[in-house]
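First the structure, in the form of structure tokens, and then the observations on it.
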Amino acid sequence: MADKELRQTLNLPETEFPMRAGLPKREPEWVKDWLAEDIYGKIRAARSESPSFILHLGPPYANGRFHMGHVLSYVLKDFIVRSKTMQNFNAPFVPGWDCHGLPIEWKVESELREKGKSKDDLSTKELRKLCRDYAGKWVSAQKEDWQRMGCLGDWDEPYLTMNPKNEAGMVRELGRLFNRGYVYKGVKSIMWSTVEETALAEAEIEYHDKESMAIFVAFPVKGTDENVVIWTTTPWTMPANRAVAYGEEVEYSLVEITQAHEKAAANIGAKYWFATELLESATKYCGIEEYAVLKTQKGSAFEGTVLQHPFYDREAPMIEGFHVTVDGGTGFVHIAPAHGAEDFQIGREVGLELECQVLGDGTYSNTVADLSQTDVALAGMDIWKAQKRIIEEMTAQGALLRWYKYSHSYPHSWRSKAPLIFRTTPQWFVAMDNDKNLRADALKEIDNVQWLPAYGRNRIYSMIEGRPDWCISRQRKWGVPITVFVHKHTGEVVNDAALFEHIAALVEAETIDAWDNRIEENRMEELFPAGWLASKGLSLDDLEPQRDILDVWFDSGTTHAHVMRAENERKGKESRFHREDGKRPADVYWEGSDQHRGWFHSSLLESVASYGEAPYETVLTHGFVVDGKGMKMSKSIGNGVEPEQLLKKYGMDIVRLWVAGSDYTEDIRYSDEIMAGISDGYRRFRNTFRYLLGNLSDFDAQTDTVPYADLPELEKWVLARMANVLTEVKEAYDSYTFHKAYRALYNFCATDLSNIYFDIRKDVLYCDAKSGHRRRSVQTVLMALLTEITTHLAPMMPFTTDEVWKERFGEAESVHLALWNDVNPEWQNEAVLEQFTPFWALREQVNLKVEALRSEGDVGSNLDVAVTLPSSAQDMNLPLTELLIVSAVSFSGDVVQAEKASGEKCPRCWSHHETMHATHTDVCQRCGEALDGLKAQGAAA
RNA sequence: GGGCUCAUAGCUCAGUUGGUUAGAGCACUGUGUUGAUAACGCAGGGGUCGGAAGUUCAAGUCUUCCUGAGCCCA
């Protein structure tokens with residue numbers, strides 16, 4: 001028989017499964033198919049009776065397309081949802097979006113400005129409509145991005161913080177916090193943007209270098225000829241000066257000027273106080289060239305000293321300042337309680353005037369006095385523009401010793417990039433330390449939560465421990481209103497649970513506009529339940545509705561309370577969830593480690609205040625995507641990547657493998673080099689699948705499966721290995737260490753299968769009779785491998801594994817509806833693993849000998865080799881000829897020897913034989929039998 | 001400036017409570033095969049564990065300092 005004909009008699013792999021994946025093109029089609037088939041809905045239906053597992057999502061902000069950070073975060077979440085689902089948990093995933101807040105309002109305003117309009121031209125309702133549409137547009141775009149990533153989720157019923165139902169949930173939570181005694185109205189010096197005209201959250205502040213005007217100012221000491229010198233970088237706060245602080249332990253010196261630079265403002269003979277340590281630097285700045293030290297004293301000696309304001313006719317007491325340092329300046333600190341956090345704190349403690357005379361737009365109010373020497377009216381003037389006038393006034397008054405430009409790190413608005421100021425304003429707060437002891441309760445609750453990695457516990461603990469009261473109010477439009485009334489005369493907050501619920505119901509029906517519309521349209525009485533006002537003895541005219549809105553961290557911090565209904569909800573509690581398949585606390589919250597100060601933090605405070613417990617049982621955190629060198633990705637450096645590029649270049653399954661292979665507890669690196677490695681890894685999996693599919697093309701599991709007891713040793717060995725690997729993989733998934741699962745599966749495919757098992761079994765698969773027992777045994781194992789590897793890889797590689805599944809089981813099937821099998825106890829065979837242990841050492845020695853033979857040019861493949869093994873090798877009781885893939889094995893002596901095989905090479909199976917088949921004389925015995933089998937089959941057909 | 005965290009072969013990762021010549025896979029080099037072929041087999045080279053000092057009989061593994069990086073805060 002000619003070689004070509006012989007080749008026809010082999011059982012070569014047959015499959016349509018392409019070697020090249022073509023992921024970028026095909027994945028979008030598969031996404032469409034999954035949506036059309038409603039895979040998510042089918043899973044929900046199938047798991048409706050299963051125990052639930054809730055991963056609750058922290059809502060992304062509905063602005064812009066997804067970036068690499070989103071990809072990392074949502075792929076990881078999908079690993080959990082899918083792996084839990086395949087372990088028969090009911091693990092719904094409800095996508096959500098954070099829709100309110102400044103960034104969107106700002107964007108809408110700037111779009112208005114481009115059209116030549118102003119936000120003042122619009123009613124609250126109209127402005128919000130634009131914001132709502134804007135957010136909605138990005139929700140749609142991001143939903144597409146999300147689906148494209150192959151993530152499982154309830155895309156038809158996501159939660160949006162701007163959904164009326166969720167907005168109502170926030171109002172209800174606000175009501176609970178009010179009624180439980182956590183919320184108070186106070187004043188506070190807080191970071192304020194004069195451009196956006198709002199208080200800013202911590203997260204909304206960025207630090208950049210700013211050039212300020214630094215000044216040295218002399219305050220005359222009342223009743224003496226001495227002066228105390230302060231240094232500040234905010235001349236605009238001088239009109240608000242109410243005191244000067246000294247450091248209790250700091251040593252100060254009084255100096256008399258004996259020589260000064262000709263341009264210096266200081267006069268010969270003038271006397272100034274400076275901190276001793278800063279004497280040299282401060283006098284130099286002020287152009288004081290020589291001086292005499294008259295006396296020194298400790299700061300505490302200034303107690304009771306009264307100073308004269310440098311340009312107003314009022315006094316400024318000297319007080320002790322805990323924050324005074326001698327790092328720079330003069331050692332004396334100018335105190336303007338309306339314009340600084342420490343200033344405010346000190347001012348309140350000693351009873352200074354706290355009133356803020358700077359308006360929200362950054363101009364002085366009309367209560368600010370004029371500058372008398374230079375005759376300038378500050379009222380109505382922009383504070384930044386006024387600085388020069390104030391300096392001129394102080395110069396005229398002889399109080400200014402020096403001014404110069406000074407560059408330093410200064411807070412700016414993250415949106416407008418405008419420099420921020422401290423301003424004392426009325427705000428609403430959640431109290432951390434009042435009689436409700438929120439801080440103590442929250443700290444206690446932290447230890448009832450599992451933090452992964454463990455250091456997350458300390459991280460959030462120290463943040464909760466050190467944070468100030470939570471300022472929940474914002475002076476903006478796009479957000480949930482603080483739906484309370486303040487009594488015009490008593491200043492008391494007027495509300496109760498019934499009133500809150502009444503308003504919440506209105507919001508649920510009409511969105512947050514329900515509040516503002518009624519106020520703006522003079523229908524305020526509708527905000528009250530019938531008879532409510534009368535029952536309290538109040539009239540509408542007594543009440544001032546609040547127009548502030550809630551901090552967006554309050555929105556997302558309450559999602560635990562209104563997104564998913566607890567299945568184990570205690571009776572008697574009001575139903576507050578818009579879904580029926582959730583539970584509370586959630587099993588897992590999982591976001592980037594920045595959320596220790598963000599969402600984990602606000603959710604914890606809100607939940608503890610409202611329900612007395614944390615909203616989550618486990619909090620996982622992941623790192624950030626950085627470049628190949630570990631550096632943050634940034635536009636200016638140009639080291640970033642866009643998800644879109646990756647989808648085009650590699651496809652999502654490869655991006656998902658990149659995530660799977662990385663240890664997310666640290667920052668994870670992205671580079672072309674890394675992706676090249678991942679792509680190779682993907683190909684290894686793909687080829688493994690292709691080999692499995694190809695060699696199973698003629699296998700019918702129903703009829704051809706061989707019982708475990710009848711399998712050869714090698715098959716039992718592979719199954720034992722797989723059982724161990726699968727156990728390891730399940731443990732890895734359960735502990736959220738996905739890269740261990742990935743690695744275990746990958747190494748199994750690369751070493752146990754590709755290097756060993758597949759290589760050895762090619763002979764049987766190709767050359768044995770098609771339905772021979774040995775071949776069916778191998779196929780039985782291949783079938784198990786295909787099933788187990790595919791299902792256990794499915795959470796990581798949903799596209800490719802489904803492609804494999806459909807290739808094997810038909811287009812109507814989906815791996816994502818499958819469950820993970822329990823590890824078959826029959827496969828767990830330690831004895832067979834032990835039986836093979838000595839074989840691996842032997843194999844290595846044989847390979848070395850064969851390799852030496854090969855390098856001499858005598859042989860090519862192992863089948864050209866015959867080996868002599870130590871006699872002891874017989875004890876293994878294994879079919880060594882096939883396991884070593886050689887033509888012959890003999891036993892003698894105690895070392896391994898290899899030589900070119902003698903006998904005739906069978907042209908069908910390429911192994912060498914001394915005797916050939918009796919009738920098919922050109923081929924070996926085994927191949928001849930296979931040919932007979934084919935002939936018989938042909939005759940039967 | 002402060003808090004938390006990280007730093008092992010070119011890459012991604014392992015390295016229990018400190019204890020023999022620091023591991024894996026990939027990549028690389030050589031080579032074989034051409035019946036998994038833009039695939040597969042075999043063999044080989046390559047780290048002294050970011051740097052320095054210290055504790056110890058012994059340190060990648062403990063301490064301190066330094067350098068670099070990330071997150072958060074000021």
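We name chains A, B, ... by the order of the sequence lines, and we start the count at 1 in each one.
In this structure, of B:C72, B:G41, B:A43, it is B:G41 that holds the atom nearest to the side chain of A:R843. For A:Y746, the side-chain atoms get nearest to B:G25 when compared with the rest of B:G25, B:A39, B:A43. Of the candidates B:A14, B:U37, B:U31, B:U31 carries the atom nearest the A:R854 side chain, counting heavy atoms from C-beta on. Distances were taken from every side-chain heavy atom of A:N687 (C-beta onward) to each of B:C40, B:C72, B:U34; the shortest belongs to B:C40. Closest to the side chain of A:I674, out of B:G25, B:U5, B:C11, is B:C11. For A:E844, taking side-chain heavy atoms from C-beta onward, the closest of the listed nucleotides B:A43, B:C4, B:G70 is B:A43. You'll find that the side chain of A:M19 is closest to B:A38, out of B:A38, B:C42, B:C71. For A:D663, counting side-chain heavy atoms from C-beta on, the closest listed nucleotide (B:A14, B:A39, B:C11) is B:A14.
Distance NZ (A:K629) to C1' (B:A69): 13 Å, rounded to an integer number of Å. For the pair A:R743 CZ and B:G15 C1', the computed distance is 13 Å after rounding to whole Å. Separating the NZ atom of A:K762 from the P atom of B:U34 is a distance of 11 Å, rounded to the nearest angstrom. Note: CG (A:L883) to P (B:C42) measures 14 Å, nearest angstrom. For the pair A:D759 CG and B:U33 P, the computed distance is 14 Å after rounding to whole Å. Atom CD in A:E856 sits roughly 17 Å away from atom P in B:A43 (whole-Å rounding). Put simply, CE on A:M675 is 16 Å from P on B:A27, counting in whole angstrom units. A:D864 has its CG atom 9 Å from the P atom of B:U34, to the nearest Å.
Nucleotides B:C13 and B:A52 have their P atoms positioned 25 Å apart, rounded to a whole Å. Of the P atoms belonging to B:U20 and B:C4, the separation is 32 Å, rounded to the nearest Å. Here the separation of B:G10 from B:A59, taken at their C1' atoms, is 27 Å to the nearest Å. Nucleotides B:U61 and B:U48, compared at atom C1', are 14 Å apart to the nearest Å. Nucleotides B:A7 and B:G47 are separated by 14 Å at their C1' atoms, to the nearest Å. B:G41 and B:U33 have their C1' atoms separated by 8 Å, given to the nearest Å. Nucleotides B:G19 and B:G30 are separated by 38 Å at their C1' atoms, to the nearest Å. Rounded to a whole angstrom, the distance from the P atom of B:C49 to that of B:G60 is 7 Å.
With respect to A:E929 and A:R926, no salt bridge is recorded, no charged nitrogen being found less than 4.0 Å from a carboxylate O. Using a 4.0 Å cut-off between a side-chain N of Lys or Arg and a carboxylate O of Asp or Glu, A:E803 and A:R686 qualify as a salt bridge. Taking a cutoff of 4.0 Å between a charged side-chain nitrogen and a carboxylate oxygen, A:R761 and A:E715 qualify as a salt bridge. Looking at A:R908 and A:E5, no side-chain N of the basic residue comes within less than 4.0 Å of a carboxylate O on the acidic one, giving no salt bridge. Between A:D594 and A:R597 there is no salt bridge, since none of the side-chain N atoms of the basic residue sits less than 4.0 Å from a carboxylate O of the acidic one.
A:E851 comes within 4.0 angstrom of a base, heavy atoms only. Among the heavy atoms of the strands, none lies under 4.0 Å from A:W658. Looking at heavy-atom distances under 4.0 Å, A:R20 makes contact with a base. Across all strands shown, A:G681 has no heavy atoms under 4.0 Å from either base or sugar-phosphate atoms. When heavy atoms are screened at a 4.0 angstrom cut-off, A:Y691 is found touching base atoms of the nucleic acid. Using a 4.0 Å heavy-atom criterion, one finds that A:G661 contacts the sugar-phosphate atoms exclusively. Here A:G860 lies in heavy-atom contact (under 4.0 Å) with sugar-phosphate atoms only. A:I885 comes within 4.0 angstrom of nothing in the nucleic acid, heavy atoms only.
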Test side-chain contact (heavy atoms from CB on, under 4.5 Å) applied to A:F429 and A:W470, step by step: CA-CA 5 Å; A:F429 296 89; A:W470 181 8; over 6 Å; no
A:R457 vs A:H596, side-chain contact (heavy atoms from CB on, under 4.5 Å): CA-CA, chis, key distance, verdict: CA-CA 9 Å; A:R457 184 262 175 204; A:H596 285 119; over 6 Å; no
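In terms of phosphate contacts, A:R684 brings no side-chain nitrogen or oxygen within less than 4.0 Å of OP1 or OP2 of B:G25. OP1 and OP2 of B:C11 both lie 4.0 Å or more from every side-chain N or O belonging to A:S671. At B:A43, one or more side-chain N or O atoms of A:N847 fall inside 4.0 Å of OP1 or OP2 (strictly under the cut-off). Between A:Y766 and B:A36 there is a side-chain polar atom (N or O) within less than 4.0 angstrom of OP1 or OP2. Contact between the side-chain N/O atoms of A:H739 and the OP1/OP2 oxygens of B:A14 is found at a separation under 4.0 Å. In terms of phosphate contacts, A:N755 brings a side-chain nitrogen or oxygen within less than 4.0 Å of OP1 or OP2 of B:G41. Not one side-chain nitrogen or oxygen of A:K740 sits closer than 4.0 Å to the OP1 or OP2 atom of B:C13. At B:G35, one or more side-chain N or O atoms of A:R7 fall inside 4.0 Å of OP1 or OP2 (strictly under the cut-off). Residue A:K632 places at least one side-chain N or O under 4.0 Å from the OP1 or OP2 atom of B:C71.
Side-chain atoms of A:R459 stay outside donor-acceptor range of the base of B:C72, with no qualifying N/O pair under 3.5 Å. In this model, no side-chain donor or acceptor of A:T688 finds a partner on the base of B:A36 within 3.5 Å.
When each of A:Y664 and A:S855 is assigned the nucleotide of RNA chain B with its nearest heavy atom, A:Y664 is the one assigned upstream, toward the 5' end. Nearer to the 5' terminus of RNA chain B, by closest-nucleotide assignment, is the contact made by A:N862 (compared with the other of A:D667 and A:N862).
With a cut-off of 3.5 Å on both pairing distances, the Watson-Crick and G-U wobble pairs of RNA chain B assemble into stems of 3 or more at B:1-7 with B:67-73, B:10-13 with B:23-26, B:28-32 with B:40-44, B:50-54 with B:62-66.
No more than 12 heavy atoms of other residues, nucleotides or ligands sit less than 6.0 Å from atom CD of A:E16.
Here the closest heavy-atom approach between residue A:S73 and residue A:H622 is recorded as OG-NE2, 3.1 Å. Closest approach of A:E807 and A:L693 over heavy atoms only: CG-CD1, 3.7 Å.
Remark: ring of A:F758 does not overlap the six-membered base ring of B:G41 in a stacked fashion, as centroids less than 5.5 Å apart with planes less than 30° apart are not both met.
When ring centroids are compared, A:W590 and A:Y664 come within the 6.0 Å threshold.
If you take CZ on A:R854 and NZ on A:K849, they are separated by 14.5 Å, rounding to the nearest 0.5 Å.
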